[in-house]
Amino acid sequence: MTTYRAARGTRDLLPGETAAWTRLERLVDDLADRYGYRRIVTPMFEQVAVFERGVGEVTDIVEKELFRIAPRTDEGESWALRPEPTAGIVRAYVQHGMQTWPQPVKLAMTGPMFRYDRPQAGRYRQFWQFDVEAIGDPGPAIDAEIIELGHRVYADAGLTGVEVLLNSIGDLACRPPYVAELTDYYRARSGELPVLERDRLERNVLRLLDSKDPAMAAVNAKAPRITDRLCAACAEHFAGVRAHLDAIRVPYRLEPGLVRGLDYYTRTAFEFYVAGREGQQQALGGGGRYDGLVELLGGRPTPGIGFGVGLDRLLLALQEQDAPAAHGAEAGPTAVVVGADPDDTVARLRIATDLRSAGIAARAELGRRKLGKQLESAARDRAHFAVIVGDELGAGDVQLRDLPAGTQKVVALADLAREVSRAHAAHRHGVEKG
RNA sequence: GUGGCCUUAGCUCAACCGGCAGAGCACUGGAUUGUGGCUCCAGAGGUUACGGGUUCGAGCCCCGUAGGCCACCCCA
């Protein structure tokens, strides 16, 4: 049996799966480009303090899911693999003085994130996220742009039934009084709360609002809503976000229970859900505004907003919907060089090398198999052409066989690359037209 | 981190009551000398996840560990 295996919660993406994966990465790269979000790459690990401050010390992500790196020496620093991209990006914004750049600074990143969680389908210890941040714009128009971009990622990937859940969680002026009011409300009804929820009441009241416990439904229905308690500035901002979303026709559902538990998260909060996925992994992505974060990481007070898309879950959802994007067949080579003399690997390799130099996707059959097997393998690779090397080589010719068509003709070696390119292009043109 | 279900060839799965570990797909080769996807034949591939225990005998029963999945917790 296998001796070594990929670590728990991680997996290998094999060639059959990477085709769909590569297309998704290209799709998000192109979208970021089209929307003016420039690519940034930050390290996969940071000082623990970056995440403690940037994500929040009392969150599960930091309290129990942080992938800590054991320090090698007495360097005195304590590192962790990044559990999410925003903290590192904001750290880079501050470190490199991006406040002197034209604002807002719009950044995009795709890469692996790490959380020491108990794995499940769609929940991995190493998972990939596409992430976008706009730092330096208070909104509300940019909020709508960001949400629309996120929405488009799913639409362009071919995923249907994606819902935008939207809420505003206020700011430092209006949220503390609201939290106090909410705490009083639940305390007065603590007898009606399930035991688990009673613990959360003291830890993080806002979390009670999105409890999945059916017993909470009645209590939550009558709970005061943050959107009814927003200060004038926040209410105006929220109305602005909705007006902009309406103007660009992005459908959304107001979800008063959607929360972020930390002080520096402000105002706009949103998540992307896909209908028809029961269970816990239906959150495909989400984001929100963090007007207090840059300052918290040592910069000047600067507003910011962003979102992340879980690429693993997006692909999983596409597979569940049996969407074309999930299948991603790899393209076969344009030409495979085969030979009548199994031992003449020199001729096959040389001709394949020449084709590659001419920009053609070519594979040489370098094994010493008889011609029949070589052709069989080429056909199964869905190659367009087989270049058959045989006795004609003495006269400077090879056979060029169109595998799908089953036709074949003699071509001079000197004309081979030109002829393959021409015929391949003509064929693809015909396929696209037809 | 808590509870539950599961683990047999690379993949999908069989194996009666505890009694000789199998099939399909995939892979490699062959079917009279230089022509393919189909068909036929053959081969290779296993410490039944790992470690213990019970038994004359364990893939099957018991315990532990690891991994996967599900529900929590939380989130992407």
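Below, all heavy atoms of this structure are taken into account, side chains as well, without hydrogens, waters or symmetry copies. In what follows, chains are A, B, ... by sequence order, proteins preceding strands, each numbered from 1.
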note: A/Phe114, atom CZ; B/rA76, atom C1'; distance rounded to Å ~ 14 Å
Separation of atom CZ in A/Arg8 from atom P in B/rU7, rounded to whole Å
17 Å
Quiz question: going by heavy-atom distance under 3.5 Å, is there a donor-acceptor pair between the base of B/rC70 and the side chain of A/Arg123?
no
Could you tell me how far B/rU48 sits from B/rU8 if I compare only their C1' atoms? Round to whole Å.
4 Å
Letter per nucleotide, 5' to 3', of nucleotides 30-37 of chain B [B base touched, S only sugar-phosphate touched, - untouched; heavy atoms, 4.0 Å]:
BS--BBBB
Separation of atom CD in A/Gln126 from atom P in B/rG67, rounded to whole Å:
16 Å
Side chain proximity check, A/Ile40 to A/Met98, heavy atoms < 4.5 angstrom
yes
What are the atom names and distances for every N/O pair under 3.5 Å that joins the protein to nucleotides 39-42 of chain B?
none

What pairs with A/Arg242 under side-chain contact (heavy atoms from CB on, under 4.5 Å), at least two apart in sequence or on another chain?
A/Leu166, A/Phe238, A/Ala239, A/Tyr252, A/Leu254
Classify the side chain of A/Arg115 versus the base of B/rA76 as yes if they form a donor-acceptor pair under 3.5 Å and no if they do not.
yes
Please list, one pair per line, the donor and acceptor atoms closer than 3.5 Å that link side chains of residues 153-160 of chain A to other protein atoms, with sequence neighbours excluded.
{"residue": "A/Tyr154", "atom": "OH", "partner": "A/Leu284", "partner atom": "O", "Å": "3.2"}
{"residue": "A/Thr160", "atom": "OG1", "partner": "A/Gln321", "partner atom": "OE1", "Å": "3.0"}

Reading RNA chain B 5' to 3', what string of ( ), [ ], | and . shows its pairs, if Watson-Crick and G-U wobble pairs count only when both distances fall under 3.5 Å?
(((((((..((((.....[..)))).(((((.......))))).....(((((..]....))))))))))))....
Separation of atom CD in A/Glu65 from atom C1' in B/rC72, rounded to whole Å
13 Å
A/Gln120 CD to B/rG3 P, in whole Å, measures 15 Å
Could you give the distance separating B/rC11 and B/rA49 at their P atoms, to the nearest angstrom?
13 Å
Name each donor-acceptor pair under 3.5 Å that joins a side chain in residues 219-227 of chain A to protein atoms two or more places apart or in another chain, with its distance.
{"residue": "A/Asn220", "atom": "OD1", "partner": "A/Tyr186", "partner atom": "OH", "Å": "2.4"}
{"residue": "A/Asn220", "atom": "ND2", "partner": "A/Leu208", "partner atom": "O", "Å": "3.1"}

Can you work out whether A/Tyr116 or A/Gly9 has the more 5'-proximal nearest nucleotide on RNA chain B?
A/Tyr116
Could you check how far CD of A/Glu17 sits from C1' of B/rG10, rounded to whole Å?
14 Å
Which residues pass the salt bridge (Lys or Arg N to Asp or Glu O under 4.0 Å) test with A/Arg369, not counting sequence neighbours?
A/Glu365
Which residues satisfy the side-chain hydrogen bond (donor to acceptor under 3.5 Å, both in side chains) test with A/Asp184, sequence neighbours excluded?
none
Would you call the rings of A/Phe270 and A/Phe272 parallel, tilted or perpendicular, taking 30° and 60° as the class edges?
perpendicular
Check the distance between B/rA66's P and A/Tyr4's OH and give it to me in whole angstrom.
18 Å
Whole-angstrom distance between B/rA44 and B/rG18, as gauged at atom C1'
31 Å
Output yes when A/Lys106 and A/Glu145 qualify as a salt bridge under the 4.0 Å nitrogen-oxygen rule, no when they do not.
yes
A/Arg418: which residues meet the salt bridge (Lys or Arg N to Asp or Glu O under 4.0 Å) condition with it, sequence neighbours left out?
A/Asp415
Heavy-atom nearest nucleotide on RNA chain B for A/Arg118 versus A/Tyr154: which residue maps closer to 5'?
A/Arg118
With sequence neighbours excluded, what pairs up with A/Arg125 under the salt bridge (Lys or Arg N to Asp or Glu O under 4.0 Å) test?
none
List, one per line, each side-chain donor-acceptor pair under 3.5 Å for residues 397-405 of chain A, sequence neighbours excluded.
{"residue": "A/Gln399", "atom": "OE1", "partner": "A/Gln408", "partner atom": "NE2", "Å": "3.2"}
{"residue": "A/Gln399", "atom": "NE2", "partner": "A/Glu392", "partner atom": "OE2", "Å": "2.9"}
{"residue": "A/Arg401", "atom": "NH1", "partner": "A/Gln408", "partner atom": "OE1", "Å": "2.7"}
{"residue": "A/Asp402", "atom": "OD1", "partner": "A/Ala405", "partner atom": "N", "Å": "3.1"}
{"residue": "A/Asp402", "atom": "OD2", "partner": "A/His384", "partner atom": "NE2", "Å": "3.4"}

B/rU7 to B/rG51 separation - C1' atoms, rounded to the nearest Å:
16 Å
Distance in angstrom units between A/Leu258 CG and B/rC74 C1', rounded
14 Å
Which residues share a side-chain hydrogen bond (donor to acceptor under 3.5 Å, both in side chains) with A/Arg368, sequence neighbours left out:
A/Asp343
Regarding A/Arg369, tell me which of base, sugar-phosphate or nothing describes its non-hydrogen contacts under 4.0 Å with the strands shown.
sugar-phosphate
